[in-house]
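For reference, the structure discussed in these notes is given below.
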Amino acid sequence: MPEIFKMKLFDHPFNPDKNLLPYEGTVHYYGRIFKDKETFHFYNNLFNEIEWEHDKAIMFGKEIITKRKVAWYGEKPFSYTYSKVTKYAKPWTEALKQIKKEVELQSGETYNSCLLNLYHSGEEGMAWHSDGEKDLRKNGAIASVSFGAERKFAFKHKESKEKVETWLENGSLLVMKDVTQSHWLHRLPPTKKIHSPRVNLTFRTIVDQ
Ligand SMILES: O=C(O)CCC(=O)C(=O)O
Ligand SMILES: [Fe+2]
């Protein structure tokens, strides 16, 4: 097992009851919610079994293909549109069902879909955005589960520009809820210091019409 998977649970002090945001939003960090063996198993399973595809993005008015890969899964073939391309959610895999169950238990919320991102190294990240798409349940919780390389995650208030940063550990859970997406942007900053991959899962609730 590579070294990163051998960290003990609760190596780092954290308080899951503490709100990381000072105002206008709620973010809780639960730390590592899976044991080393499960974490290693899920990382390998997701890396190999998910049907990863390259994402498209608009940059300086041009359509570009991102190095980061994405996938979209859910309990129904919900549609998800970005850069004018509509994708339909694939049915849950066994691993996704198991992870979802644990995340629902820990966060006390339910989810019906999951957007997955695969960052091959620290040079791949995600720019400032909020996840307030109209198909998502308004003020619904978004649960972010991370496997692989530990990466920094940042929030920036849309008006005050106040920043909050935290580390997302291998096997960890972070939950954003309430009015967070209306008032705060978040991003995964790129870094030259990290060379190994990271898989991130954001469990969401799509409004079913
Ligand atoms: O990879 C991450 O931690 C963030 C992913 C994210 O913000 C998103 O998928 O909307
Ligand atoms: Fe996001």
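Counting starts at 1 for both ligands and their atoms, following the listed order.
Counting atoms of ligand 1 from 1 in the listed order, those under 4.0 Å from a heavy atom of Phe153 are 3 (O), 4 (C). Short contacts between ligand 1 and Arg204, defined as distances under 4.0 Å to a heavy atom of the residue, involve ligand atoms 8 (C), 9 (O), 10 (O). For ligand 1, the atoms lying closer than 4.0 Å to a non-hydrogen atom of Asn117 are 9 (O). Below 4.0 Å from some heavy atom of Asp131 lie the following atoms of ligand 1, by number and element: 10 (O). Remark: ligand 1 atoms within the under-4.0 Å shell around heavy atoms of Thr202 are 9 (O). Interface atoms of ligand 1 facing Leu115, defined by a heavy-atom separation under 4.0 Å, are 9 (O). The His186 neighbourhood of ligand 1 comprises atoms 7 (O), with distances under 4.0 Å to a heavy atom of that residue.
Ranking the protein heavy atoms by distance from atom 5 (C) of ligand 1 puts Asn200 OD1, 3.5 Å first. The nearest protein atom to atom 6 (C) of ligand 1, hydrogens excluded, is given as Met126 SD, 3.5 Å; this is a heavy-atom distance. In terms of protein heavy-atom proximity, atom 1 (O) of ligand 1 is nearest to Tyr119 OH, 2.5 Å. Of the protein's non-hydrogen atoms, the one nearest atom 3 (O) of ligand 1 is Arg198 NH2, 2.8 Å.
Between the side chains of Thr26 and Asp178, at least one donor N or O sits under 3.5 Å from an acceptor N or O. Judged purely by distance below 3.5 Å, without hydrogens or angles, the side chains of His186 and Asp131 pair a donor atom with an acceptor atom.
Taking the six-membered ring for Trp and the full ring otherwise, Trp184 and Tyr23 have centroids separated by under 6.0 Å.
Within the 3.5 Å criterion, the main-chain N or O of Cys114 finds no donor-acceptor partner in the side chain of Trp92. Put simply, the side chain of Lys158 gets close to the backbone of Ser182: a donor and an acceptor are under 3.5 Å apart.
Between Phe155 and Phe153, the two ring planes are perpendicular [angle over 60°; tilted spans 30° to 60°]. Using cut-offs of 30° and 60° on the angle between ring planes, the pair Phe42 and Phe34 is perpendicular.
The closest side-chain heavy-atom distance from Leu46 to Leu96 is below 4.5 Å.
For His186 atom NE2 and His129 atom NE2, the angle they make at the Fe ion (ligand 2) is roughly 90°, to 10 degrees.
For the pair Tyr119 and Arg68, the tightest heavy-atom approach, listed with the atom from each and the gap, is CE2-CD, 3.2 Å.
One distance of note links CD of Glu124 with CG of Asp55; it measures 11.0 Å at 0.5 Å rounding.
A heavy-atom separation below 4.0 Å is not found between Arg151 and ligand 1. Using a 4.0 Å cutoff on heavy atoms, Arg187 does not count as a contact of ligand 1.
Where the criterion is an N or O separation shorter than 3.5 Å, residue side chain and backbone included, Ser144 fails it with respect to ligand 1. Residue-to-ligand polar distances keep Ser146 apart from ligand 1: every N/O pair is separated by 3.5 Å or more.
The Fe ion (ligand 2) is closest to atom OD2 of Asp131 (considering only N, O or S atoms).
Ion pairing of Glu169 with Arg32 is absent here, as no side-chain N (NZ or NE/NH1/NH2) approaches a carboxylate O to less than 4.0 Å.
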